Amino acid sequence: MMNLIWLVPGFPLVGVIVNGLFGRTHIRDRAHWVAVPAVGLSFLVALLIALQVFAGQTLDLDLYPWVVAGNFQVPVGFLVDPLSTVMMFTVTFVGFLIHVYSIRYMQGDPGYARYFTYLNLFMFAMLILVLANNYLLMFLGWEGVGVCSYLLIGFWYERKNASDAANKAFIVNRVGDAGFLLGLFLIWTTFGSLKYAEVFARADQALGAGSTLAIVITLALFVGAMGKSAQLPLSVWLPDAMEGPTPTSAMIHAATMVTAGVYMVVRSSPLFNLAPDTANFVAVVGALTAIFAASIGCVQSSIKQTLAYSTISQLGFMFLAAGLGAYATAIFHLFTHAFFKSLLFLGAGSVIQSLHGEHDVRRMGGLAPHMRLTAYAFLIGALATIGVFPLAGFWSQRGIFLAAFNSGRYFLWVMALFAAFLIAFYMFRLYLLTFAGHYRGDLHAIHHRRKAPANLWIPVAILAVCAVAAGFVGVTPEYGGLDNFLGQGLTQGIRGGNAPLPAIMLLLPLGVTAAGIGLAYLSYLQWWELPFPLSTLYVVLFRRYFLDEIYSVVFLVRFRRVCHRLWRMDGRLIDGAVNQVAHFIGGAGRASSRLDERFIDGAVNQVASLVGGTGRVSSRIDERVIDGAVNQVAHFIGGAGRVSSRIDERVIDGAVNQVAHFVAGTAMASARIDEGVIDGAVNQVAHFVGGTAMASSEVDEEASDARIDWVAELNQTVSDIMRRLQTGLIQNYLLAMALGIFLLACLYIILR
């Protein structure tokens, strides 16, 4: 079964793919049918694997080579041990309940399918982070939850506050991630590997206790944890992350992103054990962050932002325990915190939805009679956060106080107690302002509030039970079942020994908690105006110690000024030098162009002009002399042709015409003589001598007609002779003219 560990992140990944591809177009408002079962199956597989780990089995599985570049080889592999099992179980169980809660909470939202796609992707990235067996794969999940937080915080991106908060979270986390990357580079160059097993096995020899390199590596890793888990000075992004949907806030704050830094420090405990200075720094930062966030939470008016500062304080407690070497205690508090913090956020979501989106606790109050289940669940979550006996928070916080006192660093112990006092004050204040007293908001909202459906209150009820009972798995933290389960891999390094404490020291945290609760009760049920006499302190706390303004002045404004100066320097020096070179080249080009234009092109133009002039003169000579001669010859030949034509027309044709007229006249005269004289005589003779007609006719036919025919034949012969004579002359003339033209052309070609 343990070899199927890849199914734990695999099921949410399937949900991402299905909803990502088909959610918007086909699945739409049924996206939870894919997303929720995917996380449920992941939880079931995680539970079955956890049972095997409880039985003593572990697994370090390399699925396939991922990065292979020379000596740099990193696989995709999973590590199943008690630490990763606790994280895997917490993430899948709480994540599943948040998915179920989201079905009703996000119903009707236009981005319903997109929301569940992001939520599944968040689960996948977090499970990759906690199950990875090497630092590079952990970093992949690390960046994955960062991207998912950006997407979910800015889910309603049409709101400027949401998009600004998403950008802020993303940018601040990139600052921490730069440190994490530096730590990974140093680990690789030092150990030649990024696998946990290989790095931790060589840590003692390669680093040595207290070495500078160990301090630098662990500090770089802790910078990444400071950004991811919102520790000073990189804590400014987490309160603004409340702009996302409330189930998203529960996911980020309870079991996933913000706890990743704590997990990474605990996972790297063999390295932090070799750097006591870094460990002390981690503890101090955790204690300072707890007080810093708790003091700001005392005056916040937004229900979700108050819970956000509560998360920062609890994370400070976890880092305090990890810095003291109480790694099992830190994980124990992470485990219990996941239940009561998700309970608080889901309870706050029920309140916000019932009041139609109201977030300001100053316009709430008196909601307990109207929302009894939510009020009881929220009270359980608040008391667990405060550390009231016997709820889960009591046992895990008790272990932190014990580790701080036994370490001999009493100032850290005092700081932890002071932070616990502030946490008790503002958490009970939050409950009182929301559920106790009288309603201070819009009466229309309270009379038309929405009733919580089953898929809202069932996850809340389950988390409330867990917030009560989850602490018993670690009783007592230093000798309990959770510590034994985590085993020797996590050293319970409470420096200074485990000396028995007086009873008064064990009861002191409860007394501090009671004092905080009492002050909240007196302040917000008896002396409502308490914060205003402390106006200066109130303003400082409400403005978050002006940390955002300081960052804006130091980093944003000055950074913009530096960028502006660099821009001007770039414009004057770098771009200026480039521009000067460009101007020089441009000037040289223009000068070269003018030189080319005036000298080279001028000479070419002169030669061209000379050639052109010569061509024109030659053309004129050719036109006037040669073409003139040819034209004269042509005119001469044409004139000769016209004269010859006229001579032919007037002389030869005239003679022919005269002959024709003469012949025609002769023929007509002969015809008239024949008609008038001969025919007349014949007729007369015919009339006169009828008898001799036949003789006369034969005489006429043989003598007269024969003579007439002879004359006609003679006339025809003369006409043929004249026609031949005329045609031959014309042909000879044309032949002579063509021969002359040919000779003139030959002379022209030869002379040219």
Side-chain angles (χ1 to χ4, degrees), residues 129 138-139 141-150 152-154 164-184 216-244 249 252-253 256-266 268 272 278-297 300 305 307-320 322-323 330 334 419 543-559:
L129 190 154
M138 175 199 274
F139 187 72
W142 186 278
E143 291 300 298
V145 294
V147 171
C148 293
S149 68
Y150 170 80
L152 287 169
I153 294 170
D164 289 345
N167 291 332
K168 186 176 183 180
F170 192 80
I171 293 170
V172 173
N173 273 276
R174 299 292 75 73
V175 176
D177 293 348
F180 193 6
L181 272 176
L182 178 60
L184 296 189
V216 173
I217 290 176
T218 51
L219 277 177
L221 294 177
F222 181 61
V223 169
M226 290 166 63
K228 195 66 68 181
S229 297
Q231 297 297 287
L232 284 174
L234 302 179
S235 60
V236 293
W237 69 269
L238 193 56
D240 294 330
M242 299 301 101
E243 293 294 336
S249 302
I252 294 175
H253 287 250
T256 55
M257 180 175 175
V258 295
T259 61
V262 179
Y263 168 76
M264 187 267 288
V265 170
V266 174
S268 304
F272 281 87
T278 302
N280 291 333
F281 179 71
V282 172
V284 171
V285 169
L288 289 174
T289 302
I291 295 176
F292 168 81
S295 61
I296 296 175
Q300 292 301 306
Q305 286 201 348
L307 295 177
Y309 282 106
S310 170
T311 299
I312 298 175
S313 297
Q314 300 302 319
L315 291 168
F317 279 164
M318 298 175 203
F319 280 109
L320 172 60
L334 184 155
R543 298 295 296 273
R544 311 175 188 180
Y545 294 97
F546 301 98
L547 196 58
D548 286 327
E549 289 79 359
I550 293 172
Y551 284 175
S552 178
V553 172
V554 173
F555 294 105
L556 296 182
V557 176
R558 292 190 177 182
F559 183 71

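Hydrogens, waters and symmetry mates play no part in the numbers below; they use all other heavy atoms, side chains included. Note that this is a predicted model, so its numbers are computed, not measured.
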Asks: How about Phe180 and Glu143: do any of their side-chain heavy atoms sit closer than 4.5 Å?
Replies: no
Asks: Is there a side-chain contact between Leu547 and Pro233 (heavy atoms, below 4.5 Å)?
Replies: no
Asks: Are side-chain heavy atoms of Leu234 and Lys228 found at a separation under 4.5 Å?
Replies: no
Asks: Distance from Thr311 atom OG1 to Met242 atom CE, nearest 0.5 Å?
Replies: 7.0 Å
Asks: Does the separation of the ring centres of Phe222 and Phe319 fall below 6.0 angstrom?
Replies: yes
Asks: Flag the pair Val265 / Leu221 as yes when at least one side-chain heavy-atom distance between them is below 4.5 Å, and no otherwise.
Replies: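 SC-SC contact between Val265 and Leu221 ruled out.
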Asks: Can you find a pair of side-chain heavy atoms, one from Met257 and one from Leu152, that are under 4.5 Å apart?
Replies: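 No; the side chains remain at least 4.5 Å from each other.
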Asks: Is there a donor-acceptor pair closer than 3.5 Å between any side-chain N or O of Ser295 and the backbone N or O of Ile291?
Replies: yes
Asks: In the structure I gave you, are the side-chain heavy atoms of Tyr150 and Asn167 within less than 4.5 Å of one another anywhere?
Replies: yes
Asks: Quick one: CE on Met318 to OG1 on Thr259, what's the gap to the nearest 0.5 Å?
Replies: 7.5 Å
Asks: First locate atom CZ of Arg544, then atom CZ of Phe292, and finally report the distance between them rounded to the nearest 0.5 Å.
Replies: 9.0 Å
Asks: Does any non-hydrogen side-chain atom of Phe170 lie less than 4.5 Å from one of Ile153?
Replies: no
Asks: Is there a side chain to side chain contact (heavy atoms under 4.5 Å, CB included) between Glu243 and Lys168 once you walk through the steps?
Replies: CA-CA 12 Å; Glu243 293 294 336; Lys168 186 176 183 180; over 6 Å; no
Asks: May I ask you to check whether over 12 heavy atoms, not counting those of Arg174, lie within 6.0 Å of atom CZ?
Replies: yes
